[in-house]
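Have a look at the structure below before the remarks.
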Amino acid sequence: MYSADINKIIPFSSVDGPGNRTAIFLQGCNFNCKYCHNPETRNLCINCMDCVPVCPAAALSDKDGKVIFAAEKCIACDNCIKVCKHGATPRIVRMTSKETFEKICENVPFIRGVTFSGGECTLYPDFMREVFVLCKQIGLGTMIDSNGSIDFKNFSDLLEVCDGVMLDIKAYDYNEHIKVTDVGNDIVLKNAKYLAGMGKLFEVRTVVVPELFDFRKTVDNVSKELAPFLKISNIRYKIISYRKNGVRKEYRDYKSPTNEEMNEAREIAIKNGFSDIVLI
Ligand code: SF4
Ligand code: SF4
């Protein structure tokens, strides 16, 4: 049985896929997005112990060089996250697929499905597959929210039990994608077409940061490339305005796009054939 490092579980979410869903955020990411709103989800804890003394609730302790988190004592003050220099958090719970499924079951019958997010949840493909298999047995929907960095072609067993993927396309141009994330986007773009061809691309998402990359070029190219697949199934294009909440202070000076710029992005997607466009 597989397990994963779980950052948090939101029992009921209406913004992580269709309907009311349990959203599960896994720890660790292989991108380094400048505008990441949850930078503490990027890395695994290296047990440096810097956070232990700043916890006002004695929820953290050092046991044989490993930081131990007592969830029942935590008052969610975020002191530990603020002091961590490693893009990590000590508030992680390692759970098996069975334990995770049992947690999900606490929310049945009030949820329509489950969404894995992160961090980057596809770093735990076997764990997700095991949870999804159990979810399918009780009729729950299964979605993945991903940065598209693993080649989905190699994970057909995961896709078999996954209803759809919400895929970030942070920038269309390869070098701009590196500027935004530190990583190239060849696999991301390949995944977009592969998933769309299977009818499993539920949504693509682009965060608009006008100073960081040419958002017009990204929305134009992404919508042009994916438009032919709209015949297979609907694809939502979620165009997200950059907001500085939670962003690391060295990247907080970017300006949010204007309403005109957001509307311009929508018009570009419409011109290329998209009709299900959400601006947030
Ligand atoms: S969460 Fe961060 S500060 Fe705390 S022990 Fe781990 S690496 Fe160090
Ligand atoms: S968020 Fe919880 S674990 Fe972290 S410092 Fe505050 S009380 Fe301690």
Legend entry - Evaluation steps, side chain to side chain contact (heavy atoms under 4.5 Å, CB included), between Q27 and I6: CA-CA 6 Å; Q27 182 72 13; I6 297 191; over 6 Å; no
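- Residue N185 comes nearest to A171 through the heavy atom pair ND2-O, 2.9 Å, listed as atom of the first residue, atom of the second, then distance.
- Between K244 and D253 there is no salt bridge, since no side-chain N of the basic residue sits under 4.0 Å from a carboxylate O of the acidic one.
- Counting only heavy atoms from C-beta outward, the side chains of N30 and L123 approach each other to under 4.5 Å.
- Taking a cutoff of 4.0 Å between a charged side-chain nitrogen and a carboxylate oxygen, K103 and E99 do not qualify as a salt bridge.
- Residues M143 and V114 fall into different hydrophobic clusters, defined by Ile, Leu, Val, Met, Phe, Trp and Tyr side chains chained together at heavy-atom separations under 4.5 Å.
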Legend entry - salt bridge (Lys or Arg N to Asp or Glu O under 4.0 Å) assessment of E102 paired with K98: CA-CA 6 Å; E102 283 164 2; K98 184 165 175 285; 3.1 Å; yes
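- Note on L212 and V183: same hydrophobic cluster, where clusters join Ile, Leu, Val, Met, Phe, Trp and Tyr whose side-chain heavy atoms are under 4.5 Å apart, directly or indirectly.
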Counting only pairs under 3.5 Å, give me each side-chain donor-acceptor contact of residues 154-162, with atom names and distances, residues two or more places apart or in other chains.
| from | atom 1 | to | atom 2 | distance (Å) |
| --- | --- | --- | --- | --- |
| D157 | OD2 | R129 | NE | 3.4 |

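- Side-chain atoms of T115 never come within 3.5 Å of backbone atoms of G17 as a donor-acceptor pair (strictly under, hydrogens ignored).
- Side-chain contact between V108 and I138 is present, with heavy atoms from C-beta onward closer than 4.5 Å.
- A side-chain donor-acceptor contact under 3.5 Å links E176 to the backbone of D214.
- Formation of a donor-acceptor pair under 3.5 Å by the R94 side chain with backbone atoms of S3 is found in this model.
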Inset, instruction - Assess whether side chain to side chain contact (heavy atoms under 4.5 Å, CB included) is satisfied between L167 and L201, documenting all intermediate values. - result: CA-CA 7 Å; L167 184 75; L201 186 61; 3.7 Å; yes
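- The nearest pair of heavy atoms linking G246 to P39 is O-CD, 3.3 Å.
- Y237 has its side chain out of reach of R266: every pair of non-hydrogen atoms, C-beta onward, lies at least 4.5 Å apart.
- I9 contributes atom CD1, which lies 10.5 Å from atom CZ of F25 (distance to the nearest 0.5 angstrom).
- The two residues N79 and P56 come nearest to each other via the heavy atoms ND2-CD, 3.8 Å.
- Under the 4.5 Å side-chain heavy-atom criterion for ILVMFWY residues, no single connected hydrophobic cluster contains both L44 and I46.
- A salt bridge links R205 to D145: one of the charged nitrogens lies within less than 4.0 Å of a carboxylate oxygen.
- Between S97 and M1 the shortest heavy-atom distance is OG-CG, 3.2 Å.
- Between the side chains of N20 and S14, not a single donor N or O lies within less than 3.5 Å of an accepting N or O.
- Cluster note: I178 groups with Y174 through ILVMFWY side-chain heavy atoms spaced under 4.5 Å, whether in direct contact or through intervening members.
- T89 and E40 form no side-chain donor-acceptor contact under 3.5 Å, judged by distance and modelled atom types alone.
- Residues Y172 and F213 keep their aromatic ring centres 6.0 Å or farther apart.
- A donor-acceptor distance shorter than 3.5 angstrom exists from the side chain of E261 to the backbone of T258, with no hydrogens or angles considered.
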Inset, instruction - Start with the C-alpha distance between S256 and S241, add both sets of side-chain angles, then the distance that settles side chain to side chain contact (heavy atoms under 4.5 Å, CB included), and finish with yes or no. - result: CA-CA 6 Å; S256 298; S241 170; 4.1 Å; yes
Inset, instruction - Please assess D276 against K238 for the test salt bridge (Lys or Arg N to Asp or Glu O under 4.0 Å), listing each intermediate value before the final yes or no. - result: CA-CA 8 Å; D276 186 358; K238 192 178 270 184; over 6 Å; no
Legend entry - From CA spacing to verdict: side chain to side chain contact (heavy atoms under 4.5 Å, CB included), F274, L226: CA-CA 9 Å; F274 270 69; L226 294 178; 3.9 Å; yes
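- No option in F101, F116, F132, Y2 other than F116 meets the ring pair (Phe, Tyr, Trp, His ring centres under 6.0 Å) test with F127.
- No side-chain donor-acceptor contact under 3.5 Å links T41 and N38.
- For the pair N191 (side chain) and I150 (backbone), a donor-acceptor distance under 3.5 Å is present.
- Follow the hydrophobic side-chain contacts under 4.5 Å out from V15 and you never reach Y35; the two are in separate clusters.
- Residue C105 holds its SG atom at 7.5 Å from CG of L140, rounded to the nearest 0.5 Å.
- A 4.5 Å side-chain heavy-atom check between T22 and F110 finds every atom pair outside the cut-off.
- Here the side chains of V207 and F215 are not in contact, with every heavy-atom distance at 4.5 Å or above.
- Side-chain atoms of E120 do not come within 3.5 Å of backbone N or O of S149 as any donor-acceptor pair.
- Considering CD1 of I277 and CE of M262, their distance stands at 11.0 Å, rounded to 0.5 Å.
- Residues S233 and G199 come closest through the heavy atom pair OG-CA, 3.5 Å.
- Linking Ile, Leu, Val, Met, Phe, Trp and Tyr whenever their side-chain heavy atoms come within less than 4.5 Å leaves F202 and F229 in two separate clusters.
- Side chains of C80 and C55 form no contact here, defined as non-hydrogen atoms less than 4.5 Å apart.
- When atom types are taken as modelled, the side chain of D168 and the backbone of K170 share no donor-acceptor pair closer than 3.5 angstrom.
- Looking at heavy atoms from C-beta onward, T122 lies in side-chain contact with M128 at the 4.5 angstrom threshold.
- Rounded to the nearest 0.5 Å, atoms CD1 (I280) and CD1 (I240) are 4.5 Å apart.
- Rounding to the nearest 0.5 Å gives a distance of 3.5 Å between NZ of K224 and CG of D220.
- Every residue meeting the salt bridge (Lys or Arg N to Asp or Glu O under 4.0 Å) condition with K136, not counting sequence neighbours, appears here in chain and number order: D163.
- At least one donor-acceptor pair closer than 3.5 Å links the side chain of T206 to the backbone N or O of I169.
- Between D151 and K153 there is no salt bridge, since none of the side-chain N atoms of the basic residue sits less than 4.0 Å from a carboxylate O of the acidic one.
- Taken from CD1 in I235 to OG in S275, the straight-line distance is 10.5 Å, to the nearest 0.5 Å.
- Counting only distance, with no hydrogens or angles, the side chain of N43 and the backbone of H86 share a donor-acceptor pair below 3.5 Å.
- Annotation: side chain of V208 is in contact with side chain of P257 (closest heavy-atom distance under 4.5 Å).
- Among residues two or more places apart in sequence or in another chain, the salt bridge (Lys or Arg N to Asp or Glu O under 4.0 Å) test is passed with K255 by none.
- Residues satisfying the salt bridge (Lys or Arg N to Asp or Glu O under 4.0 Å) criterion with E264, sequence neighbours excluded, are R216.
- Residues D16 and A23 come closest through the heavy atom pair OD2-CB, 3.6 Å.
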Run the side-chain donor-acceptor check on residues 65-73: report pairs under 3.5 Å with partners two or more places apart or on a different chain.
none

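- With hydrogens and angles ignored, the 3.5 Å screen pairs no side-chain donor or acceptor of N32 with any backbone N or O of T181.
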